[in-house]
Amino acid sequence: MSDRVFPSSKPAANGNGTVSAAAPPPVKPPLRPPYRPQPHARRHHRPRRSYCCCCCFWTILVILILALLAAIAATALYVLYRPHRPEFSVPSLRLHRLNLTSSADSSTNHVATLLNFTVTSKNPNSHITFYYDPFVISALSSSEVFLGNGTVPGFFSDKKNQTFLKNVVVSGSIDLDTDSVKSLKSDLKKKSGISLKIKLDTKVKVKVGKLSSKKVGIRVTCEGFRAALPKGKSPSVATVDKSKCKVDLRIKIWKFTF
């Protein structure tokens, strides 16, 4: 059996008798990995968006359903009760005084007015009643010059009922500006007499069976009256055959009234 010779693991000695260490192998610098930008992490808002869309959808759907139900209820009430607006008229009007005075230099202008009339309120409905608050009445010329005011107490208007408010007095003692004086003088010069307008403002509550509404504002505007200036103590009777009254809702939103 032959012997195997293994190389010695000891370092070899140089000529001087010293042992020289073996040179280490060259160390390669570690390879730097190439830079790869990482994509930004995106937040997924799909659940929140879907939740908001779902809420908006159901909110709009509920609003539409409520509007549809309200329209159906209003249609049913209209078919059952056939509601009509109240009707107003002024069958008589007397002008007792309308005096316009001006100072010598026209710096001060004053008008004194007194008139009385009768107001008729008619409820044409068979199932609806009206509850009126006190009325505030204003008298004006055709050119919208304010001549005086007055009040009428509130009243209850039953179904198919007619109410007469007699001897309604409107008076005024008012200082006018230059433009109002010019407009009023132009109205007074007309041969057919001065054209007058009456406005009545109030609030009304409507009751249908056991249901009652909230009070809403209304304005009754009556126009088409013509009266000559009174002579002496005898009042001037105005013509009312062409007069008409219309009723409008007065809706107040914040500081504005429509």
Side-chain angles (χ1 to χ4, degrees), residues 81-98 112-142 144-174 192-209 211-251 257:
Y81 299 108
R82 296 287 180 177
H84 297 278
R85 293 187 181 187
E87 299 174 0
F88 289 83
S89 62
V90 178
S92 65
L93 187 149
R94 295 173 181 270
L95 180 62
H96 293 265
R97 182 173 63 248
L98 202 162
T113 312
L114 177 64
L115 55 91
N116 76 324
F117 53 91
T118 299
V119 179
T120 302
S121 171
K122 183 180 179 181
N123 182 3
N125 298 282
S126 302
H127 305 279
I128 300 175
T129 54
F130 298 106
Y131 295 83
Y132 295 101
D133 281 359
F135 288 77
V136 177
I137 304 174
S138 303
L140 305 97
S141 68
S142 59
E144 296 291 331
V145 177
F146 180 74
L147 301 176
N149 57 8
T151 58
V152 171
F155 60 91
F156 162 71
S157 183
D158 203 356
K159 309 162 190 173
K160 291 291 184 179
N161 184 47
Q162 194 168 4
T163 305
F164 292 90
L165 304 173
K166 297 181 178 181
N167 295 324
V168 179
V169 178
V170 172
S171 62
S173 182
I174 305 158
S192 58
I194 184 172
S195 180
L196 299 174
K197 181 186 299 185
I198 305 294
K199 291 183 180 181
L200 302 93
D201 292 290
T202 187
K203 289 184 177 181
V204 61
K205 182 174 69 173
V206 181
K207 187 175 182 181
V208 182
L211 299 177
S212 297
S213 71
K214 292 184 178 180
K215 292 181 179 180
V216 294
I218 63 170
R219 167 171 287 181
V220 183
T221 304
C222 302
E223 54 188 345
F225 311 101
R226 285 198 173 273
L229 291 179
K231 297 179 180 180
K233 295 182 179 180
S234 300
S236 173
V237 179
T239 57
V240 298
D241 53 339
K242 294 183 180 180
S243 64
K244 294 181 180 179
C245 296
K246 64 176 182 178
V247 181
D248 297 315
L249 288 175
R250 301 281 288 172
I251 301 174
T257 304

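The analysis underlying the following values was restricted to heavy atoms, covering all of them including side chains, and did not include hydrogens, waters or symmetry mates. For reference, positions follow the sequence shown, starting with 1.
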Derivation of the side-chain contact (heavy atoms from CB on, under 4.5 Å) call for D158 and F130:
CA-CA 7 Å; D158 203 356; F130 298 106; over 6 Å; no

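- Panel note: side chain S121, backbone T163; no donor-acceptor pair is recorded below 3.5 Å.
- Taking 4.5 Å as the limit, some side-chain heavy atom of V208 sits within range of a side-chain heavy atom of V206.
- Between K199 and E144 there is a salt bridge, since at least one side-chain N of the basic residue sits less than 4.0 Å from a carboxylate O of the acidic one.
- The structure places CD1 of I194 at 13.5 Å from CZ of F225, a figure rounded to the nearest 0.5 Å.
- The main-chain N or O of T202 is never found under 3.5 Å from a side-chain atom of D133 such that the two would form a donor-acceptor pair.
- Nearest heavy atoms, L114 versus S171: CD1-CB, 4.0 Å.
- When all heavy atoms of P91 and V240 are compared, the closest pair comes out as O-CG2, 3.3 Å.
- Going from atom CG of D241 over to atom OG of S243 covers 7.5 Å, rounded to the nearest 0.5 Å.
- Relative orientation of the Y131 and F156 rings is tilted, given thresholds of 30° and 60° on the angle between their planes.
- Listed here is the closest heavy atom pair of V90 and C222: CG2-SG, 4.0 Å.
- In this structure, L200 and F88 have side chains that are not in contact, with every pair of non-hydrogen atoms separated by 4.5 Å or more.
- Checked against the 6.0 Å centroid criterion, the rings of F164 and F155 do not qualify as a close aromatic pair.
- A distance of 10.5 Å separates OG1 in T129 from CG in N161, rounded to the nearest 0.5 Å.
- Looking at every heavy atom in both residues, G148 comes nearest to V170 through C-CG1, 3.5 Å.
- With a 6.0 Å radius and a threshold of 12 heavy atoms from other residues, nucleotides or ligands, K122 has its NZ atom at or below the threshold.
- For residues 220-234, every residue pair satisfying the side-chain hydrogen bond (donor to acceptor under 3.5 Å, both in side chains) rule, not counting sequence neighbours, is listed here: S192-R226.
- Residues I218 and Y132 meet the side-chain proximity criterion, which asks for heavy atoms closer than 4.5 Å.
- Rounding to the nearest 0.5 angstrom, the gap separating the NZ atom in K244 from the OG atom in S89 is 13.5 Å.
- Proximity of V168 to T118: side-chain heavy atoms (C-beta onward) are nowhere separated by under 4.5 Å.
- In this structure, the side chains of K166 and T120 stay at 4.5 Å or more apart for every pair of heavy atoms.
- Between K207 and S212, the closest heavy-atom pair is CG-OG, 3.5 Å.
- With respect to the salt-bridge test (charged N to carboxylate O, under 4.0 angstrom), the residues R219 and D201 qualify.
- Side chain of R250 to main chain of V216: no donor-acceptor pair is present (N/O by atom type, distance under 3.5 Å, no hydrogens or angles).
- The distance from atom CZ of F146 to atom OG of S138, rounded to the nearest 0.5 Å, is 5.0 Å.
- Residues L140 and L196 have side chains not in contact (no heavy-atom distance under 4.5 Å, counting atoms from C-beta outward).
- The CG atom of N116 lies 7.5 Å from the CG atom of L93; values are rounded to the nearest 0.5 Å.
- With respect to I137, the side-chain contact (heavy atoms from CB on, under 4.5 Å) criterion is satisfied by exactly one of N149, T151, I198, L165: I198.
- With contacts defined as side-chain heavy-atom distances shorter than 4.5 Å, the pair P230/H96 does not qualify.
- Between the side chain of N125 and the backbone N or O of H127 there is no donor-acceptor pair closer than 3.5 Å.
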For the pair R85 and D248, evaluate side-chain contact (heavy atoms from CB on, under 4.5 Å) and give the outcome as yes or no after the intermediate values.
CA-CA 9 Å; R85 293 187 181 187; D248 297 315; 4.2 Å; yes

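- A pairwise comparison of heavy atoms in P86 and P124 identifies CA-CD, 4.2 Å as the closest pair.
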